[in-house]
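Predicted model only: the values in this text are computed from it and were never measured.
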Amino acid sequence: MKKNIALMLALLMMASLTACSSSSDSTSDTTAAETVAETDSETTAAETEAAEIEVSEETTAAESAAAEDSDLVYIQEKGTLVVGITDFEPMDYKDADGNWIGFDADMATAFAESLGVEVEFVEIDWDNKILELDGKTIDCVWNGMTLTSEVTSSMDCSNAYCNNAQVLIVSSDVADQYQDTDSLADLTIAVEAGSAGEEVVTELGIATTAVSSQADALMEIAAGTSDAAVIDALMAAAMVGEGTGYEDLTYTISLNSEEYGVGFRIGSDLVELLNEFFATSYADGSMLEIAETYGVQAALIEQ
């Protein structure tokens, strides 16, 4: 009997030790799992924070790149819109006080004001207008510029805002001799280098004398060094004939029809802003009012 009791007590002690060992192992396993979970959580948090920093840095870099590419940001930071022009009445010319006025000059001034910057006019060599623009010597070309294929492939251009044509200018006393393109074959015609006038005369196969501006082309005829000139119709209406500085000159035939636009650097965000400005100023009548000041209202294109 005593042996049986002793055996039972021994078995109970062994069971108790096994249970304690199992409980200890379980507790140990739980603690280890909690430690691993905590470590994983800390790692995930660190990875998330690093990813957020990376995304933030990429966003900042993208924003900086966009700002660098923005002509709007560029002109607002320097405070000026630099407009490339030539002496071209009635679009851009100087008044008695030496201030630039004209339909294009007044519109450019109003546009600059809408962007919160000052306007600055810079006379350029028309033949170098694309180089001036790309080199950031100027911010746009706004000077009765015809939307030729050369222009539209080298600049981002606004919507057309004025109709125009290239017209032949000759002395009034010989005007009746030059009423069609066939009659121009033997003439030497003064044209502005890089202009639509030069392009159309060259296409006709007629000899040209290239000068730096359309005003100089008129001076060529007055001086007798060229037989004729080809200039913009809008300029001809303001510059030749009765009541002008060239009363003995007149224009005869139109050699083409064309449209004016404003040119910006490729990819410029100012193009859309100018188109919006054109639409607004046309709708509220301010564009027409400026056009009437310079006698070009008939040439306006609806925006």
Side-chain angles (χ1 to χ4, degrees), residues 84-93 104 123-133 141 143-155 157 160 162-242 244-261 263 296 299:
I85 60 172
T86 65
D87 188 349
F88 175 14
E89 188 177 351
M91 311 309 279
D92 294 300
Y93 63 104
D104 280 351
E123 280 193 88
I124 61 173
D125 182 333
W126 195 247
D127 205 24
N128 294 332
K129 56 188 175 293
I130 297 169
L131 293 175
E132 297 274 9
L133 188 62
V141 182
N143 189 70
M145 181 175 67
T146 302
L147 295 173
T148 63
S149 57
E150 178 197 20
V151 164
T152 56
S153 65
S154 304
M155 309 179 193
C157 297
C162 266
N163 289 305
N164 185 52
Q166 296 299 314
V167 296
L168 181 75
I169 309 296
V170 294
S171 295
S172 300
D173 58 355
V174 296
D176 59 340
Q177 299 176 32
Y178 304 105
Q179 297 296 321
D180 56 48
T181 55
D182 290 339
S183 64
L184 313 183
D186 296 328
L187 296 180
T188 297
I189 300 179
V191 294
E192 180 181 40
S195 69
E198 181 180 45
E199 182 177 318
V200 71
V201 174
T202 300
E203 288 176 354
L204 290 172
I206 300 170
T208 63
T209 297
V211 294
S212 60
S213 70
Q214 295 189 82
D216 288 342
L218 293 178
M219 291 176 63
E220 284 282 314
I221 310 175
T225 50
S226 291
D227 303 315
V230 168
I231 65 172
D232 289 50
L234 291 179
M235 184 178 189
M239 294 288 288
V240 305
E242 186 177 352
T244 71
Y246 295 99
E247 289 190 346
D248 58 339
L249 301 182
T250 189
Y251 52 96
T252 58
I253 59 173
S254 295
L255 302 179
N256 69 349
S257 61
E258 57 193 35
E259 296 176 333
Y260 286 160
V296 300

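Considering every non-hydrogen atom in both N164 and A233, the closest pair reads OD1-N, 3.2 Å. Pairing each heavy atom of V170 with each of D227, the nearest pair is CG1-O, 4.3 Å. What you find for I231 and A217 is that their closest heavy atoms are CG2-CB, 4.3 Å. Smallest separation of non-hydrogen atoms from P90 and L234: CD-O, 3.3 Å. Closest non-hydrogen pair, A160 versus L147, comes out as CB-CD1, 4.0 Å. Listed here is the closest heavy atom pair of V230 and L255: CG2-CD1, 3.7 Å.
Taking the side chain as every heavy atom from C-beta outward, S213 and D87 never approach each other to under 4.5 Å. Counting heavy atoms from C-beta outward, I221 and S171 have side chains that approach closer than 4.5 Å. Between T244 and M239, the closest side-chain pair of non-hydrogen atoms is not below 4.5 Å. Between M219 and Y246 there is a side-chain heavy-atom pair separated by less than 4.5 Å.
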Step-by-step side-chain contact (heavy atoms from CB on, under 4.5 Å) determination, V151 to K129:
CA-CA 9 Å; V151 164; K129 56 188 175 293; 4.1 Å; yes
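Judged by distance alone, the side chains of Y260 and D104 never bring a donor and an acceptor atom under 3.5 Å apart. N256 and Q166 form no side-chain donor-acceptor contact under 3.5 Å, judged by distance and modelled atom types alone.
To the nearest 0.5 Å, atom CD of residue Q177 and atom OG1 of residue T252 are 11.0 Å apart. In this structure, I169 CD1 and L249 CG are separated by 7.5 Å, a value rounded to the nearest 0.5 Å. The structure places CD of E150 at 7.5 Å from CE of M155, a figure rounded to the nearest 0.5 Å. Atom-to-atom distance recorded for N128:CG and S212:OG is 11.0 Å, nearest 0.5 angstrom. The OG1 atom of T146 sits 10.0 Å away from atom CD of E259, with the distance rounded to the nearest 0.5 Å. Put simply, CG on D216 and OG on S226 are 11.0 Å apart, with the number rounded to the nearest 0.5 Å.
Side-chain atoms of Q214 come within 3.5 Å of backbone N or O of D232 as a donor-acceptor pair.
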Between side-chain atoms of residues 184-195 and protein atoms elsewhere (two or more places apart, or another chain), which donor-acceptor pairs fall under 3.5 Å?
residue: S195; atom: OG; partner: E192; partner atom: O; Å: 2.6
residue: S195; atom: OG; partner: G197; partner atom: N; Å: 3.3
residue: S195; atom: OG; partner: E198; partner atom: N; Å: 3.1

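Evaluation of the side-chain hydrogen bond (donor to acceptor under 3.5 Å, both in side chains) rule for Y251 yields no partner, not counting sequence neighbours.
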